[in-house]
Every structure is written in structure tokens, then in C-alpha cells.
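First up is the structure itself, then whatever we jot down about it.
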Amino acid sequence: MGLVFKTRGSDSPWVDAVWTCTSERVTAMTSVAGARWGLVFWQQAGRAYTSVTGPGTRAGTAPVPEGAAFTGIEFAVGTSLRAMPTPTLVDGGVELPDTTRRSFRLDGARWETPGPDDVEALVDALVRAGTVVRDPLVAEVLRGHRPAVSGRTVERRFRAATGLTRGAVRQIERARTAAELLAAGEPAADVVAKLDYFDEPHLARALRGYVGRTAGQLREGTGGALGLDWVSA
């Protein structure tokens, strides 16, 4: 069985994706590098949990609660939690205390636990309360604009907001896109050309480091449970 994902995009500029997942007869997965922080809500054996997840710089192995149902929010790059600077969350996360099936506590307040269709309403409330914030300069850079400050200032602000360098974000995003294309059946040589990798060994190193899979495993869907799905709607 494994992990059964469903992922969608969002019309909120603060959210990149909303996902749901169930874990069936699986206790561990390959976690994949990601440039975003998130909120994850899950229930297992009648108990409810909430975690803040941070960006990840490499693939690894992570435990999976068996028989659990998850709802997750991937926030846009450049957003952050007022109470938890994103650099402190890189390659880690925090389980929030005092979670019930109906609500969770974050930044000194209680919030209603969302279902998959309620995420945008929750995020709007978090933004209005100042719990979720964004550096406008980082948002401008991500839109392709060149702000009237030095490159060093841009890089410092980018790292402060995301916990990563711009280069690291590009590499992680490129590897995830490569994995998506390979899983959809595209030949490795075409992926190399499309995403401007130097050659297939360069692609293979990126996949091992960021996704924890070979090109062949991605095409064949082998290698065990993988903590990765792609926006489908």
C-alpha cells in the first residue's frame, strides 16, 4: 500500500499547495528536499496532532504514523511564521502542543483545525493576525524583479525569510521538477536538456541528494514510500 496523496494548488498568494495523505501499512518513507515550510495536521487512533515543518535541504528517511490521515499546507517561499523564524526550522520541525481534533494552538492563540477545503480561510486569518508574514523584497525577487538594493542585501533578506540561499531554492525546485518529469515517463536525456543539467550524471547526483531516488526508480515507481506528490489541480 504505502502513502496515498492528493494535492491541489491554491488561489491564495500565501500558499503553494494543499495536500492530503493517508498512510496504509507503512511506517517509514523517503523524505524529499523542499524549499517551503508548512503546517501538517493529522489524526491517528483517535488522537490529533499538528506540526510546523521546515524546509529540507536533502533527502532522508522519516518515520510515518501508520494508519493516519493527514492534511498539509505548503506555504509560499518567502512567507514565515512570526513566532518561528524559518531558518530555525530548516531540516526539522516542531510538534505543537495542546492540539485537539477541532483546534490547535499557534503563536499564543487557538485556531480551528482545517479540512482540505478550509485551508485558505485559516491562512487568511493567520495573515490578518500577523501570525504568518512575508518579506516584500523576497516576494519581489521571486517574481523576477530587481529591487534597488545590493545583491548582498537581497541574499541576506532571502536567507532570513527562507532559511536557504536563492541558489539552494533553485536546485531543490529543479530536482523536484526533474523527479516529476521522470515519474511521468520522460527520458532522462530529455529532462537533462529541458532543465539545463550538465549531463545525466549531474542529474543523477541531484536526484540522489534531493529526492533519494534514481531516474529508473522514479520511472518504475520503486524504492518504497516517497514523501512527494505533485499539484494536480
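Glu120 and Ser10 share a side-chain donor-acceptor pair at under 3.5 Å. Looking at Tyr210 and Gln171, their side chains do bring a donor and an acceptor atom within 3.5 Å of each other. No hydrogens or angles considered: a donor-acceptor pair under 3.5 Å links the side chains of Ser103 and Arg110. Counting only N and O atoms by type, the side chains of Trp37 and Thr79 include a donor and acceptor under 3.5 Å apart.
When all heavy atoms of Pro187 and Leu182 are compared, the pair lying nearest together is C-CD2, 4.3 Å. Residues Asp107 and Arg82 share a closest heavy-atom pair of OD2-NH2, 2.5 Å. Summarising the geometry of Arg208 relative to Ala59, their closest heavy-atom pair is O-CB, 4.1 Å, with the distance given to 0.1 Å. Phe75 and Gly38 get closest at one heavy-atom pair: CD1-CA, 4.0 Å. Nearest heavy atoms, Val191 versus Ala178: CG1-CB, 3.7 Å.
Here Arg146 does not pair with Glu140 in a salt bridge; the nearest charged N to carboxylate O distance is not below 4.0 Å. In summary, Glu200 and Arg205 do not engage in a salt bridge, as defined by a charged side-chain N under 4.0 Å from a carboxylate O.
Taking the ring centroids of Phe41 and Phe104, they lie under the 6.0 Å cut-off.
Side-chain atoms of His145 never come within 3.5 Å of backbone atoms of Val141 as a donor-acceptor pair (strictly under, hydrogens ignored).
Ring geometry for Tyr197 versus His202: interplanar angle over 60°, hence perpendicular rather than tilted (30 to 60°).
Put simply, the side chain of Asp118 does not reach to within 4.5 Å of the side chain of Leu122, judged on heavy atoms.
The number of heavy-atom neighbours closer than 6.0 Å to CD of Glu112, taken from other residues, nucleotides and ligands shown, is 12 or below. A 6.0 Å sphere centred on CZ of Arg58 holds no more than 12 heavy atoms belonging to other residues, nucleotides or ligands.
Stacking of Arg8 on the aromatic ring of Trp19 is not recorded, the 6.0 Å distance cut-off and the 45° axial limit not both being met.
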Open item on the list: Run the salt bridge (Lys or Arg N to Asp or Glu O under 4.0 Å) test on Glu220 and Arg213 for me, step by step, so that the C-alpha distance in whole Å, both residues' side-chain angles and the decisive distance to 0.1 Å come before the verdict.
Closed with: CA-CA 11 Å; Glu220 297 159 10; Arg213 290 288 187 275; over 6 Å; no
- [ ] Run the numbers on Thr57 and Val90 for side chain to side chain contact (heavy atoms under 4.5 Å, CB included), then give the verdict.
- [x] CA-CA 7 Å; Thr57 62; Val90 173; 3.8 Å; yes
- [ ] Please step through side chain to side chain contact (heavy atoms under 4.5 Å, CB included) for the pair Thr177 and Leu195, ending with a clear verdict.
- [x] CA-CA 8 Å; Thr177 300; Leu195 299 182; 4.0 Å; yes
